[in-house]
Amino acid sequence: MTRQESGDFCYDFARDGDRTVTFRCSDDASAWPWLNLHPAHNIAVQATNYFALTGVSLFLGEMDGEKWTALTDFQWRCHHTGEGAVHPARGRSTHSGKPDDAGYACAFVDASGAPVYDVSGAGVVFRNRDFETWRSQAKAEIAALPAPQDFRFAAPGPAGVASQGEVFVSPLSEENGVAFVDALITEETGFRPAHPYHGGSGDHVNSSHLCDAVQQAAHLLGRTAYPVAGTAKFTRYVELGRPFRIAVAPDEGGEVRVAFEISQGRYKCAVISFYYYD
């Protein structure tokens, strides 16, 4: 079993069949500060998923630097959301192995073997598109929107975070009977060290940012418990430095489900749903 490189969150990768890989997860909160959060916190869920997915992909030799990939669908379940929940110690991931499909499923367990998360996702591999040109055009279109002036952020307590610097969303508003918040994440404020937990390339608003912002919106709606499960469908990148809207989608699940539609400019970018039943 080989550790990819010093400091990786996931290590001791080993094949368990053709497309299945097992690995261990770090418990070093000084290296990975989001391990100080509750395991069911969306930042912790998303970060664990991201580092496991990229680590396994590197181990399998599927990140060759010659293609771009993007996550389009993600589902997760947290097996424990109350006191005493612990972060994963190990994981077992299966990748699809199809050339243009970034699909995978992963089960995370604690040191005793008890389940912590079950996650699965799908993505696309950009092989036939000039991705960098498309990204520059997409970013330029959003950058042409008016820059935010005196964006009003919600207070940290109602948003469910510990400090004002962690708040991404405005106070709750309503328009035509639809509850919504606006959100703003910038290159200067959305990443470590300015933000205590979020990392990333700085190219766009990450999926972990979006799930964090939706969790804050849910808090403002009175949903202060951690969701036991969630789904996310991403259709377009959200760009840094310009506001985006998080609106409550039409109710389809009553007390057990709250869905949020994310849009920026003239584009619908994502739908993220939280489930609150056990």
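Quantities reported herein were computed from a predicted structural model and do not represent experimental measurements.
With sequence neighbours excluded, the residues satisfying side-chain contact (heavy atoms from CB on, under 4.5 Å) with Phe191 are Asn206, His209, Leu240. In this structure, the ring-ring contact (aromatic ring centres under 6.0 Å, His included) partners of Phe51, at least two apart in sequence or on a different chain, are Trp32. With sequence neighbours left out, the side-chain hydrogen bond (donor to acceptor under 3.5 Å, both in side chains) criterion links Gln216 to Asp212. The side-chain contact (heavy atoms from CB on, under 4.5 Å) check on Thr189 picks up Thr186, with sequence neighbours excluded. Residues passing the side-chain contact (heavy atoms from CB on, under 4.5 Å) test with Pro171 are Arg152, Ala154, sequence neighbours excluded. The side-chain contact (heavy atoms from CB on, under 4.5 Å) check on Ser263 picks up Arg245, with sequence neighbours excluded. By the salt bridge (Lys or Arg N to Asp or Glu O under 4.0 Å) test, Asp118 is found to be paired with no residue, residues two or more places apart in sequence or in another chain being considered. Partners of Arg92 under the salt bridge (Lys or Arg N to Asp or Glu O under 4.0 Å) rule, at least two apart in sequence or in another chain, are Asp16. Residues that satisfy the ring-ring contact (aromatic ring centres under 6.0 Å, His included) test with Tyr50, not counting sequence neighbours, are absent from this structure. Residues satisfying the side-chain hydrogen bond (donor to acceptor under 3.5 Å, both in side chains) test with Glu141, not counting sequence neighbours, are Arg266, Tyr267. For Phe74, the ring-ring contact (aromatic ring centres under 6.0 Å, His included) partners at least two apart in sequence or on another chain are Trp76.
Residues Phe13 and Cys10 come closest through the heavy atom pair CE1-O, 3.4 Å. Here the shortest heavy-atom pairing between Pro156 and Gln164 reads CD-OE1, 3.0 Å. When all heavy atoms of Ser93 and Phe23 are compared, the closest pair comes out as CB-CE2, 4.1 Å. Pairing each heavy atom of Asp110 with each of Ser112, the nearest pair is OD1-OG, 2.7 Å. The minimum heavy-atom distance between Tyr276 and Ala225, with the atom names listed, is CE2-O, 3.5 Å. Contact detail for Gln215 and Ala40: the closest heavy-atom pair is OE1-O, 4.4 Å.
Interatomic distance, Ile142 CD1 to Gln264 CD, rounded to the nearest 0.5 Å: 4.5 Å. Atoms CZ and CG, on Arg242 and Leu184 in that order, are 9.0 Å from each other to the nearest 0.5 Å. Annotation: the span from Asp12 atom CG to Cys25 atom SG amounts to 11.0 Å, rounded to 0.5 Å. Note that the CG atom of Leu220 and the OG atom of Ser170 stand 8.0 Å from one another [nearest 0.5 Å]. How far CD of Glu174 is from CZ of Phe180: 9.0 Å, rounded to the nearest 0.5 Å. With rounding to the nearest 0.5 angstrom, the CZ atom of Phe244 is 11.0 Å from the CD atom of Glu239.
Salt bridge annotation for Asp203-Lys139: present, with a cationic side-chain nitrogen under 4.0 angstrom from a carboxylate oxygen.
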Under the criterion side chain to side chain contact (heavy atoms under 4.5 Å, CB included), I'd like the reasoning laid out for Leu53 against Tyr104: C-alpha separation, chi angles, the key distance, then a yes or no. CA-CA 8 Å; Leu53 174 60; Tyr104 71 99; 3.7 Å; yes
Let me see the working for Val238 and His204 under side chain to side chain contact (heavy atoms under 4.5 Å, CB included), right down to the final yes or no. CA-CA 6 Å; Val238 176; His204 56 274; over 6 Å; no
Would His219 and Thr224 satisfy side chain to side chain contact (heavy atoms under 4.5 Å, CB included), going step by step from the backbone distance to the final call? CA-CA 5 Å; His219 266 265; Thr224 58; 3.8 Å; yes
Start with the C-alpha gap between Arg236 and Lys268, add the side-chain angles, then the distance that decides, and say whether side chain to side chain contact (heavy atoms under 4.5 Å, CB included) holds. CA-CA 7 Å; Arg236 187 178 177 89; Lys268 292 183 179 179; over 6 Å; no
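With hydrogens and angles ignored, the 3.5 Å screen pairs no side-chain donor or acceptor of Ser273 with any backbone N or O of Thr231. At distances below 3.5 Å, not a single donor-acceptor pair connects side-chain atoms of Arg257 with backbone N or O atoms of Tyr275.
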Table please: side-chain donor-acceptor pairs of residues 80-88 below 3.5 Å, with sequence neighbours left out.
| from | atom 1 | to | atom 2 | distance (Å) |
| --- | --- | --- | --- | --- |
| His87 | NE2 | Leu35 | O | 3.0 |
| His87 | NE2 | Leu37 | O | 2.9 |

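A 4.5 Å side-chain heavy-atom check between Val248 and Phe260 finds at least one atom pair inside the cut-off. Using a 4.5 Å heavy-atom threshold, the side chains of Asn42 and Val214 count as separate. Inter-residue side-chain proximity for Cys269 and Tyr237 is flagged as unmet; no heavy-atom pair is nearer than 4.5 Å. Residues Ser207 and Gln46 meet the side-chain proximity criterion, which asks for heavy atoms closer than 4.5 Å. Looking only at side-chain heavy atoms (C-beta outward), Phe274 and Arg223 stay at 4.5 Å or farther from each other. Between Ile43 and Ser208 the shortest side-chain heavy-atom distance does not fall below 4.5 Å. Contact of the Ile272 side chain with the Cys211 side chain is registered, since non-hydrogen atoms from C-beta on lie closer than 4.5 Å. The shortest distance between side-chain heavy atoms of Phe234 and Ile262 does not fall below 4.5 Å.
When the shell of 6.0 Å around CZ of Arg24 is examined, it contains 12 or fewer heavy atoms from other residues, nucleotides or ligands. Annotation: Glu187, atom CD; neighbour count of heavy atoms from other residues, nucleotides and ligands within 6.0 Å does not exceed 12. More than 12 heavy atoms of other residues, nucleotides or ligands lie within 6.0 Å of CG in Asp28, so this atom counts as buried by the packing criterion.
A single hydrophobic cluster is not seen to contain both Ile246 and Leu145; linkage of ILVMFWY side chains at heavy-atom distances under 4.5 Å, directly or through other members, places them apart.
Note: Phe168 and His198 meet the aromatic proximity criterion, with ring centroids under 6.0 Å apart.
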